[in-house]
Every structure is written in C-alpha cells, then in structure tokens.
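Everything on this sheet refers to the single structure shown next.
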Amino acid sequence: MPDERLYERIYATVRQIPAGKVATYGQVAHLAGLPGRARQIGYALFRVAPGSEIPWQRVVNARGEISESPHRLGNDDYQRTLLVAEGVIFNQQGQIDLAVYRWQPASAPPSAESE
DNA sequence: AAGTTGACTATTT
DNA sequence: AAAATAGCCAACT
C-alpha cells in the first residue's frame, strides 16, 4: 500500500469530525491533503468502514446528501439514521443543511478567538 | 501491464 | 432542471 499514510490522513480527518456535524468529500479531501481527489475519499472509506472507528457516516457529498452505494452495510437509510441520532436534521429533500451542519475545522489560532 | 471502475465535483448540453 | 461529459487518481480486474 503505497499511499497508506495518505489514507491514514483521510481517516484522521474524518475522525476529527465532531458529532452533529458533517463534511463533504471534497472538504475532507482538501483537509487530508488530497485536493481534487474526492473520489479517493469515498474509496478509502469504502474499504475501512466495516470494523472501523471512523465516523464515515459524517461524510456526505457536496449536496449535503448521503451518497448511496450498492455495497453499503445494508441500506442507505442506515447512515441517515446514524446522523439523525447525532442530532443532524434532514430536510424534506433528505438533505442536510450544509450552511449549518458543515464541519468547520478549528484551524484558527487561539490568539484571536472571537467566538 | 493495460483497461475499467468508482461513497465525487464541476462544467457543459 | 436533468442528463451527459470531463477531470481526478488509486484500486480492481
């Protein structure tokens, strides 16, 4: 596994997503140091999801919606249930309001906190 | 080894 | 607006 450490970076990023928040593949990719490689995020999660401590459930697509997959653990509704259990609210369209639930990494230094 | 696929995203038709 | 096309790159066949 040549880029195993890159995957580690992806996993690490996903792990840092707090409960009740979500992140898009592109966002995770960028934070993981893989700009433009959103597909790899999904692929990475695909292989690590089962038996993993990684909150893959908090990773959604750019629309704030859950991406389906024929290989899911069982059904696509499972992920939605997990997110709802964390306090994430879905719209009638089955989408998440990214304007509210998008995870914002604490990259701001503790010297100029304003919140 | 070469070709296809994919838990994506953005652009163009 | 929905569907098709293009760009992306690692994994799979």
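Computed from a predicted model, the values in this text were never measured in an experiment.
Every residue two or more places apart in sequence or in another chain that forms a side chain to side chain contact (heavy atoms under 4.5 Å, CB included) with A:Ala12 is listed here: A:Arg15, A:Gln16. The side-chain hydrogen bond (donor to acceptor under 3.5 Å, both in side chains) check on A:Gln57 picks up A:Glu86, with sequence neighbours excluded.
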Worksheet item: Run the side-chain contact (heavy atoms from CB on, under 4.5 Å) check on A:Val60 and A:Glu65 step by step: do they pass?
Response: CA-CA 6 Å; A:Val60 297; A:Glu65 186 180 301; over 6 Å; no
Practice prompt. Step by step, work out the side-chain contact (heavy atoms from CB on, under 4.5 Å) result for A:Ile10 and A:Thr13.
Written response: CA-CA 5 Å; A:Ile10 295 173; A:Thr13 303; 5.8 Å; no
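One can place CD1 of A:Ile41 at 18 Å from P of B:dG6, the figure rounded to the nearest angstrom. One atom, CD of A:Glu8, and another, C1' of C:dA10, lie 16 Å apart when rounded to the nearest Å. Rounded to whole angstrom, the span from the CD1 atom of A:Ile10 across to the P atom of C:dA10 amounts to 10 Å. When rounded to the nearest whole Å, the span between CD of A:Glu65 and P of B:dC8 equals 11 Å. The nearest whole Å value for the distance from the CD atom in A:Gln40 to the P atom in B:dC8 is 11 Å. In this structure, A:Phe46 atom CZ and C:dA11 atom P are separated by 13 Å, rounded to whole Å. If you take OH of A:Tyr43 and P of B:dC8, they are 12 Å apart, rounded to a whole angstrom. Atoms CG (A:Leu31) and P (B:dC8) sit 18 Å apart, rounded to a whole Å.
Within the 3.5 Å criterion, the main-chain N or O of A:Gln93 finds no donor-acceptor partner in the side chain of A:Asn91.
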Mind listing the N/O atom pairs, protein and nucleotides 9-13 of chain B, below 3.5 Å?
unit_1, atom_1, unit_2, atom_2, d
B:dT9, OP1, A:Ala62, N, 2.6
B:dT9, OP2, A:Ala62, N, 2.9

When you compare the protein's N or O atoms with those of nucleotides 1-5 of chain C, which come within less than 3.5 Å of each other, and at what distance?
none

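Nucleotides C:dC8 and B:dA1 are separated by 24 Å at their P atoms, to the nearest Å. Annotation: B:dA7 and C:dA2 have their P atoms spaced 22 Å apart (nearest Å).
In this structure, CD1 on A:Ile96 lies 6.0 Å from CD1 on A:Ile66, to the nearest 0.5 angstrom. Here A:Leu83 contributes atom CG and A:Tyr101 contributes atom OH; the two are 10.5 Å apart, rounded to the nearest 0.5 Å. Taken to the nearest 0.5 Å, the OH atom of A:Tyr7 stands 7.0 Å off from the CZ atom of A:Arg47.
Within the nucleic acid shown, A:Arg39 comes within 4.0 Å of at least one base atom, counting heavy atoms only.
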Please list, one pair per line, the donor and acceptor atoms closer than 3.5 Å that link side chains of residues 21-45 of chain A to other protein atoms, with sequence neighbours excluded.
unit_1, atom_1, unit_2, atom_2, d
A:Lys21, NZ, A:Val100, O, 3.4
A:Thr24, OG1, A:Gln27, N, 3.1
A:Gln27, NE2, A:Trp103, O, 2.6

